[in-house]
Asker: 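My questions all concern the structure below.
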Amino acid sequence: MARIVELEAYIGRDDRASHARFGETARNRVMFGSPGLAYVYLVYGMYDCLNVVTEPEGSPAALLVRAVQPLEGVALMRSDRIAQAASRHRARAAERAATEAERIRRLPADRLASGPGLVAAAFGLDTGWTGIDLCDPVAPLRLEPAPTDEARVAILATPRIGIPGAGQPWIALPWRLSLVGHPSVSGPIATR
DNA sequence: GCAAGGATATCG
DNA sequence: GATATCCTTGCA
């Protein structure tokens, strides 16, 4: 179990940064489906990214889960991260995988899932998880409401990360939301 | 500052 | 079929 601390919104066919910008394709099909479904895609050939479909059927939109704070099952998340690192280095030196495993073992729990690729790695997700209903209370991966005492938190809105043409008005929209100052938010401390 | 790495969308 | 690109990460 983990608490979502950072998200990015991708909304509509006109969102030039969204996978839906070219219309419906085999990869992004689920974005046009029912809200609450998972969309997991592979980026840069190495990292899977978890998204939650948000708009009604026919209206493509999703939230990219950029970072979570691990709460329960930290040991499993750590071993999932290490396993993902090992498979990523399978073609390369096993020594590299070993040193990365050691680095992950030393990571504080707060930094185990501080990035979109790291969220999927910590939960052991890949593209095969696309289409799972995250609102199903018995789904193996699901969303749950935050405890009521956490209902009011300070939220920071900044431009979305890693998008080419960051100067354009439609890209500069502050659609990246994160908990102010939270240690599990991605990026250097100054940007949290 | 950049390399790693594979799927994808677009072009020929 | 070839290739430029990509909602990233960690190390030089």
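Side-chain atoms are counted along with the backbone in the values below, which use heavy atoms only and exclude waters and symmetry mates. Numbers restart at 1 for each chain; the letters A, B, ... are given by sequence-line order, proteins then strands.
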Asker: I want to verify a distance call: between B/dA9, B/dG6, C/dT8, whose nearest atom is closest to the A/Pro116 side chain?
Answerer: C/dT8

Asker: Mind checking if A/Arg176 touches a base, just sugar-phosphate, or nothing, with heavy atoms under 4.0 Å?
Answerer: nothing

Asker: Without decimals, in angstroms, what is the distance between A/Tyr44 OH and C/dC6 C1'?
Answerer: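 After rounding, the gap between these two atoms is 5 Å.
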
Asker: Return the value, rounded to whole Å, for the distance between atom CZ of A/Arg27 and atom C1' of B/dT8.
Answerer: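 One finds 6 Å between C1' of B/dT8 and CZ of A/Arg27, rounded.
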
Asker: Of all the choices, B/dG5, C/dT9, B/dA9, which nucleotide is nearest to the side chain of A/Thr25 once you look at every atom?
Answerer: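 Comparing B/dG5, C/dT9, B/dA9 against the side chain of A/Thr25, the answer is B/dA9.
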
Asker: Which whole-number value in Å describes the distance from A/Asp48 CG to B/dA7 C1'?
Answerer: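 Answer to the nearest Å: 11 Å.
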
Asker: Once you round it to whole Å, what is the distance between C1' of C/dG10 and CD of A/Gln84?
Answerer: 12 Å

Asker: Can you measure A/Arg21 atom CZ to B/dT8 atom C1' for me and round it to whole angstrom units?
Answerer: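 So the two atoms are 10 Å apart, to the nearest Å.
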
Asker: Provide, to the nearest angstrom, the distance between the CG atom belonging to A/Leu118 and the C1' atom belonging to C/dC7.
Answerer: 14 Å

Asker: Categorize A/Tyr47 for me: base, sugar-phosphate, or nothing, with a 4.0 angstrom heavy-atom threshold over every strand shown.
Answerer: base

Asker: Any base atoms under 4.0 Å from A/Thr127, or only sugar-phosphate, or nothing? Heavy atoms, all strands.
Answerer: nothing

Asker: Using side-chain heavy atoms (C-beta onward) and a distance below 4.5 Å, is A/Arg21 in contact with A/Asp15?
Answerer: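 When only atoms from C-beta onward are counted, A/Asp15 and A/Arg21 do not touch, as no gap falls below 4.5 Å.
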
Asker: Please determine which of A/Val30, A/Asp48, A/Leu64 meets the side-chain contact (heavy atoms from CB on, under 4.5 Å) test together with A/Tyr41.
Answerer: A/Leu64

Asker: Under 4.0 Å from OP1 or OP2 of C/dG10: is there any side-chain N or O of A/Arg81 that close?
Answerer: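 So the side-chain polar atoms of A/Arg81 do come within 4.0 Å of the phosphate oxygens OP1 or OP2 of C/dG10, strictly under.
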
Asker: I'd like to know if A/Val185 and A/Val153 are part of one continuous hydrophobic network [Ile/Leu/Val/Met/Phe/Trp/Tyr, side-chain heavy atoms within less than 4.5 Å].
Answerer: yes

Asker: Between A/Glu8 and A/Arg66, does any side-chain N to carboxylate O distance fall below 4.0 Å?
Answerer: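 A salt bridge is present here (some side-chain N lies under 4.0 Å from a carboxylate O).
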
Asker: Side-chain N or O of A/Arg88 versus OP1/OP2 of B/dA4: is the shortest distance under 4.0 Å?
Answerer: no

Asker: For B/dA4, does OP1 or OP2 lie under 4.0 Å from any side-chain N or O of A/Arg96?
Answerer: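 Answer is no, no contact under 4.0 Å.
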
Asker: For A/Tyr39, does the six-membered ring have the charged nitrogen or CZ of A/Arg29 within the cation-pi criterion, i.e. under 6.0 angstrom from the centroid and within 45° of the normal?
Answerer: no

Asker: Sort by first number and list every stem of DNA chain C: at least 3 consecutive Watson-Crick or G-U wobble pairs, both distances under 3.5 Å.
Answerer: B:1-4 with C:8-11, B:6-11 with C:1-6

Asker: Indicate yes or no: does A/Arg96 engage A/Glu100 in a salt bridge with an N to O separation below 4.0 Å.
Answerer: no

Asker: Given atom CD1 of A/Ile104 and atom C1' of C/dG10, what is their separation to the nearest angstrom?
Answerer: 11 Å

Asker: Output the rounded distance in Å from NE2 (A/His89) to C1' (C/dC11).
Answerer: 10 Å

Asker: Please state whether the phosphate of C/dC11, meaning OP1 or OP2, lies under 4.0 angstrom from any side-chain nitrogen or oxygen of A/Arg103.
Answerer: yes

Asker: Looking at A/Glu6 and A/Arg192, does any basic side-chain N land under 4.0 Å from a carboxylate oxygen?
Answerer: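 Judged by the 4.0 Å cut-off on N to carboxylate O distance, A/Glu6 and A/Arg192 do not form a salt bridge.
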
